[in-house]
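Quick notes on the structure that follows.
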Amino acid sequence: MPKDAQSPKKPRGNRAALTHKVGYALRHPERVGPHVRRAGRDAWLRLRHRMLDIGCGNLRGGWRFIDHLDTGHYYGVDISPDILIAAKETLTERGLQAKLPHLTLTGDLRLDFLPDGHFDVVHAHSVFSHSPLSVVDECLAHVGRVLTKTGFFDFTFDRTEGTEHQVLREDFYYRTDTLLTLAAQHNLHARFMEDWEKRPHGQSKIRVSRAPLPS
Ligand SMILES: C[S@@+](CC[C@H](N)C(=O)[O-])C[C@H]1O[C@@H](n2cnc3c(N)ncnc32)[C@H](O)[C@@H]1O
């Protein structure tokens, strides 16, 4: 089990209950307008998004996406059968069965079972930090096909400013330029996400897309 894998958390509280919402609105009437605007924007986004979560793990983070997205709009793939069994447990513990996420075991990252131009969000969190460059290369070679024209693929990686190296073939450290160059070789636009560095995540992030995106 990678060092940063976590066990599922306890079920959420009852903040979504109508009584809680009404009570909150009465106590904070000034917040109702912004909340309604945010809720409208979230509903609009929810309808649009289809997400592919590469190396979804046990859904320690993925359950939040499943909760947010429309039914059937979340696709998680992972190389480990045991992890996918744990993912189903998280789904059950979170009470998200009705969202019908797709959880698929995969032996490679060619993504050939997925349709063209389907996903506007693709995400690989804490996956390439455990992957040799050949796996990153395979993913970048194929991810463009499943992205929509305006979609993007965000991935995190362990960044080194010095010599690239790996530890026990478990942890891999890449230079930013190596990954940006690899993306360009697959006709993808890629940018290092400076704003991600401002928060203490431990890993760095690159965003790739089929066409240049506004920053
Ligand atoms: C550190 S965990 C991160 C899980 C999840 N993304 C998260 O942030 O909670 C890495 C996951 O990537 C999966 N993984 C590693 N290499 C993979 C590959 N080549 N294809 C698919 N999944 C992979 C592992 O099985 C593991 O579940």
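Note that ligands are numbered from 1 as they come in the structure, with each ligand's atoms numbered from 1 the same way. What's counted below: heavy atoms across the whole structure, side chains too, no hydrogens, waters or symmetry copies.
Ligand 1 has no nitrogen or oxygen under 3.5 angstrom from a nitrogen or oxygen of D53.
Checking each of F152, Y74, F153, F65 against H123 for a ring pair (Phe, Tyr, Trp, His ring centres under 6.0 Å) leaves exactly one that passes, namely F65.
Of the candidates G57, S129, S126, the one placing a heavy atom closest to atom 10 (C) of ligand 1 is S126.
Counting atoms of ligand 1 from 1 in the listed order, those under 4.0 Å from a heavy atom of R60 are 7 (C), 8 (O), 9 (O). Those atoms of ligand 1 that come under 4.0 Å of a heavy atom in V135, given as number and element, are 19 (N). Within the listing of ligand 1, atoms 27 (O) sit less than 4.0 angstrom from a heavy atom of I83. Taking every non-hydrogen atom of H130 and a distance limit under 4.0 Å, the qualifying atoms of ligand 1 come out as 1 (C). Applying the 4.0 Å criterion to heavy atoms of S80 picks out, from ligand 1, the atoms 25 (O).
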Step by step, work out the side-chain contact (heavy atoms from CB on, under 4.5 Å) result for R191 and I206. CA-CA 6 Å; R191 73 177 167 88; I206 285 178; over 6 Å; no

Requested in this report: Tell me, with the steps shown, if V121 and D53 meet side-chain contact (heavy atoms from CB on, under 4.5 Å).
Outcome: CA-CA 8 Å; V121 181; D53 195 357; over 6 Å; no

* Yes or no on side-chain hydrogen bond (donor to acceptor under 3.5 Å, both in side chains) for D137 and H186, after CA distance, side-chain angles and deciding distance? -> CA-CA 9 Å; D137 184 45; H186 294 297; 2.6 Å; yes

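When heavy-atom distances to ligand 1 are checked against a 4.0 Å cut-off, L109 comes that close only through its side chain, counted from C-beta outward. Under 4.0 Å from ligand 1, heavy atoms of I79 appear from its side chain as well as its backbone. Contact annotation: for H125 versus ligand 1, heavy atoms closer than 4.0 Å belong to both the backbone and the side chain. Residue contacts with ligand 1, taken as heavy atom pairs separated by less than 4.0 Å, involve D78 via backbone and side-chain atoms alike.
Between H102 and Y75, the ring planes lie parallel to each other; the angle is under 30°, not in the 30° to 60° tilted range. The aromatic rings of Y173 and H165 lie parallel to each other, their planes meeting at an angle below 30°, with 60° marking the opposite boundary.
With hydrogens and angles disregarded, a donor-acceptor distance shorter than 3.5 Å links the side chain of R145 to the backbone of L114.
Shortest non-hydrogen contact noted between L105 and P81 is CD1-N, 3.6 Å.
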